[in-house]
Amino acid sequence: MDRIRAGISRDFQYVTLSHRWGEGEPSLRDIEGHTIYGMSIRGGFGKLQTFCRVALEWNYLWAWSDTCCIDKHSSAEVQETIGSMFAWYRQSALTIAYLSDVTDIGSLGSSEWLKRGWTLQELLAPERVVFYTKTWSLYKNITSLNHKMDVVVLEEVEGATGIERRFLKKLSPGLDDARLRLQWASTRTTTRAEDIAYSLFGIFNVHLPIMYGESSENALGRLLAEIVSQSGDISVLDWVGEPSPFHSCFPAHITPYSKLPTPPARLNTEEQPLATGEWLLSFQVLRNVFRSLTTAAAVQPRTPDTHAVTHQRCLAT
């Protein structure tokens with residue numbers, strides 16, 4: 001029985017593609033009923049064909065690409081896919097990251113791949129990643145079976161993203177270090193504004209409805225409310241910028257999280273009693289804010305009465 005299980009596991013291991021979408025990407029309906037290698041090589045079709053060939057070179061029989069392995073006309077399938085994508089990349093035997101803007105002598109650190117929203121989880125979720133350049137050559141001819149364990153690659157990625165290598169090597173989805181995870185995403189962009197929040201659902205392991213057409217402020221607000229309500233982590237309330245119409249304790253955009261929280265000032269002995277009392281008062285008020293946020297998703301958005309807000313604004317509400 002163990003041999004049968006091992007055989008099935010080996011034969012059905014799959015490779016995932018991580019890439020920036022370009023013009024003419026094939027959809028599920030484009031490839032249904034067709035042989036991949038018999039199709040046009042124009043646009044994304046050529047990229048798909050090369051990806052499949054590279055997967056075969058790594059001795060894998062199954063390959064998955066987000067462009068054509070999802071029925072985007074089915075809202076139910078899109079919902080399931082976004083909720084499951086972190087797990088799919090984590091369970092893949094290998095993720096091939098195609099850097100379409102990096103030449104054979106170029107630098108991974110300058111690639112747009114490191115600046116997009118969806119590729120954050122495609123970097124963090126897989127246990128094995130191999131980078132390929134624009135010409136489908138191994139990045140810097142590094143023949144390692146896993147570039148996430150290569151010192152040179154790790155140093156470049158850490159320098160470009162600010163993500164510590166311990167997280168690059170292995171990240172567990174969940175609510176730990178919530179403020180830090182938001183910081184990783186704070187400088188990234190997505191084509192659809194709502195996706196900056198949706199692309200983080202897997203990283204935080206939260207399950208929320210996907211509602212394309214809602215505002216980006218609403219999508220981010222729902223995510224932040226879920227983080228606070230599930231974890232009680234109030235560090236996400238520490239920010240400076242434009243408040244959200246979803247809830248004035250949240251930012252309207254994710255960019256304010258690019259700045260680290262301000263550390264508390266060091267106090268002298270005379271200031272300690274007063275500061276302690278203020279801290280206890282602040283903590284009690286934050287607990288009240290936390291309770292209100294547990295039902296924020298069900299509350300109609302309200303218009304904030306100020307254009308610059310921090311967690312201190314929340315303390316006054």
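These values consider heavy atoms only, across backbone and side chains, with no hydrogens, waters or symmetry-generated copies.
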Search all heavy atoms of [X] against all heavy atoms of [Y] and return the closest pair with its distance.
| X | Y | result |
| --- | --- | --- |
| Thr16 | Trp88 | CG2-O, 4.4 Å |
| Ala252 | Leu220 | O-CD2, 4.2 Å |
| His19 | Ser65 | NE2-OG, 4.2 Å |
| Val206 | Gln230 | CG1-NE2, 4.3 Å |
| Cys249 | Leu237 | O-CD2, 3.6 Å |
| Ile227 | Ala178 | CG2-CB, 3.8 Å |

Compute whether any side-chain donor of one residue and acceptor of the other, for [X] and [Y], lie under 3.5 angstrom apart.
| X | Y | value |
| --- | --- | --- |
| Arg116 | Thr190 | no |
| Asp233 | Ser235 | yes |
| Thr119 | Arg188 | yes |
| Ser111 | Asp101 | yes |

Should [X] and [Y] count as side-chain neighbours, where that means a heavy-atom distance under 4.5 Å?
| X | Y | result |
| --- | --- | --- |
| Cys68 | Leu48 | yes |
| Ile70 | Trp64 | yes |
| Val240 | Pro256 | no |
| Ile142 | His147 | yes |
| Leu61 | Phe12 | no |
| Ser27 | Arg29 | yes |
| Val102 | Tyr132 | no |
| Tyr14 | Gln91 | yes |

Next item on the list: Answer yes if Met149 and Tyr89 sit in the same cluster of Ile, Leu, Val, Met, Phe, Trp and Tyr residues linked by side chain heavy atoms under 4.5 Å apart, and no otherwise.
Entry: no
With rounding to the nearest 0.5 angstrom, report the [atom1] to [atom2] distance, [X] to [Y].
| X | Y | atom1 | atom2 | value |
| --- | --- | --- | --- | --- |
| Ile234 | Arg179 | CD1 | CZ | 12.5 Å |
| Thr161 | Leu123 | OG1 | CG | 6.5 Å |
| Glu194 | Ser199 | CD | OG | 11.5 Å |
| Thr35 | Gln49 | OG1 | CD | 10.5 Å |
| Met85 | Arg90 | CE | CZ | 15.0 Å |
| Trp239 | Phe250 | CH2 | CZ | 9.5 Å |

Can a donor-acceptor pair be found, under 3.5 Å and without considering hydrogens, that links the side chain of [X] to the backbone of [Y]?
| X | Y | result |
| --- | --- | --- |
| Arg181 | Leu175 | no |
| Lys148 | Pro126 | yes |
| Glu217 | Phe246 | no |
| Glu25 | Phe45 | no |

Do other residues, nucleotides or ligands put more than 12 heavy atoms under 6.0 Å from the [atom1] atom of [X]?
| X | atom1 | value |
| --- | --- | --- |
| Trp21 | CH2 | yes |
| Leu56 | CG | yes |
| Lys72 | NZ | yes |

Item checked: Any residue meeting side-chain contact (heavy atoms from CB on, under 4.5 Å) with Ser186, in chain and number order, not counting sequence neighbours -> Gln183, Tyr257, Ser258
Note to self: Please tell me whether Tyr198 and Tyr212 form a close aromatic pair, meaning their ring centres lie under 6.0 Å apart.
What the structure shows: yes
Check: Do Trp113 and Tyr98 have ring centres separated by under 6.0 Å?
Finding: no
Next item on the list: May I have the step-by-step check of side-chain hydrogen bond (donor to acceptor under 3.5 Å, both in side chains) for Asp104 and Thr133, ending in yes or no?
Entry: CA-CA 6 Å; Asp104 291 344; Thr133 65; 2.7 Å; yes
Next item on the list: Would you sort out whether Glu127 and Lys169 count as a salt bridge (charged side-chain N to carboxylate O under 4.0 Å, His left out), showing the intermediate values?
Entry: CA-CA 7 Å; Glu127 295 186 353; Lys169 290 180 178 180; over 6 Å; no
Check: Salt-bridged, Arg222 to Glu214, with N to O below 4.0 Å?
Finding: yes
Identify each donor-acceptor pair in which a side-chain atom of residues 152-160 lies under 3.5 Å from a protein atom, sequence neighbours left out, and give them as a table.
{"residue": "Glu156", "atom": "OE1", "partner": "Ser107", "partner atom": "OG", "Å": "3.3"}
{"residue": "Glu156", "atom": "OE1", "partner": "Leu108", "partner atom": "N", "Å": "3.4"}
{"residue": "Glu156", "atom": "OE1", "partner": "Tyr139", "partner atom": "OH", "Å": "2.7"}
{"residue": "Glu156", "atom": "OE2", "partner": "Tyr139", "partner atom": "OH", "Å": "2.9"}
{"residue": "Glu156", "atom": "OE2", "partner": "Lys140", "partner atom": "NZ", "Å": "2.7"}
{"residue": "Glu158", "atom": "OE1", "partner": "Arg165", "partner atom": "NE", "Å": "3.0"}
{"residue": "Glu158", "atom": "OE1", "partner": "Arg165", "partner atom": "NH2", "Å": "3.0"}

